Amino acid sequence: MTPFAANDPRSAPAMHDPARLQEIFDLGLADEREDPVLDAIAREAATRLGLPISMVSIIMGDAQGLAGSHGLYGWTEEARGLPVEWSFCAHSVRTREPFVVENAATHPVMSESPVVTVDGIRCYAGIPLISSRGHVLGNLCVIGAEERTFGAGEMELLRELAARAVARIEERRTPG
Amino acid sequence: MSSLPSIASHHFAAPTAADARAALTRVVGAERAEALWAEACGEAAVATPRERMSIAEIGSVAERLVARGGAVQSVAQAILIRLRTYNRLAARARESAPATVEIAR
């Protein structure tokens, strides 16, 4: 029995899976180390899709952290993350699939998130970062303040960049 | 329940010791969570683990949990992110729009 509503990502067992959280530790993703390579991948994603923000997110139970980012400002930059119940990226931990929101203001799951209603996110596309051991770590995502569609070519580009991000992350794995 | 103001704009309550212990419990189970919490409270010089702890005390305990490594580090880092989110939003509310802060009921 979970204390969370069905549309709260924390209701998914994978969110609290000890093996997934151990994997995040083994890959050095729980220590908030800055990684210029992951920042560069985020910057490329944002630039090539013409959007202001991109993140390499890490979903750690009750919060979303960042392994890389581009374009963040305000409290999300200062906090280096956000509560997971506001997170778009967390939905891919449950589904293991890309998550695309063309208009967050009318989206059935995300429309009431404060990052939509207060902070103004309108569009989102994220590709899950799946480790070599099969765990969803987080997403490579792009974010914008205007309603937008994402074409097949753009999603393929995001997949390619997500694969590069996973390859970089795997280089950080603790031996053993 | 926290005695601190919640952030009205984001409907975000201040993280509590109960929230942090529940997060630990979901990952390592109740028995180990209580043991880890008590140990970390001791290391952080929070002499008696208790429900009403300040944000600073919870943060200090979470930092001790980060040092445990493994899945516990991931859980503890998430607690710290929630604390930072609260602190940043509260600071922003104080600086720009005091009327958006209300006392949690």
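On a predicted model such as this, the values are computed, not experimentally measured, just so you know. Letters A, B, ... are given to chains in the order of the sequence lines, protein chains preceding strands, and every chain is numbered from 1.
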Handout entry: Best-contacting candidate, B:Ala71, B:Ala76, B:Gly69, against chain A by heavy atom pairs under 4.5 angstrom
Key = B:Ala71
Completion exercise
For residues 153-171 of chain A against chain B, heavy atoms under 4.5 Å, the residues are none
Practice task
Would you please go through residues 84-119 of chain A and name the residues with a non-hydrogen atom below 4.5 Å from one of chain B, in numerical order?
Solution key: A:Val84, A:Glu85, A:Trp86, A:Pro114, A:Val118, A:Asp119
Exercise for the section: Using non-hydrogen atoms and a 4.5 Å limit, figure out which bit of A:Gln64 sits close to chain B: side chain, backbone, both or neither. Expected result: backbone
Exercise for the section: Indicate yes or no for a side-chain donor-acceptor contact from B:Arg82 to the backbone of A:Asp62 under 3.5 Å, with no hydrogens or angles considered. Expected result: yes
Exercise for the section: For the pair A:Glu32 and B:Leu80, evaluate side chain to side chain contact (heavy atoms under 4.5 Å, CB included) and give the outcome as yes or no after the intermediate values. Expected result: CA-CA 11 Å; A:Glu32 304 199 305; B:Leu80 290 172; over 6 Å; no
Problem - Least distance between heavy atoms, A:Phe25 atom then B:Ser74 atom - result: N-OG, 4.0 Å
Handout entry: Under 4.5 Å from a heavy atom of chain A, the part of B:Val27 involved
Key = both
Problem - Shortest non-hydrogen separation from B:Gln73 to A:Ala30 and the atoms involved - result: OE1-CB, 3.6 Å
Exercise for the section: Let me know which of B:Arg84, B:Arg92, B:Arg88 forms a salt bridge (Lys or Arg N to Asp or Glu O under 4.0 Å) with A:Glu78. Expected result: B:Arg88
Completion exercise
Applying a strict 4.5 Å limit to non-hydrogen atoms, the region of A:Asp17 in contact with chain B is neither
Handout entry: Shortest non-hydrogen contact between B:Val75 and A:Leu21, atoms and distance
Key = CG2-CD1, 4.0 Å
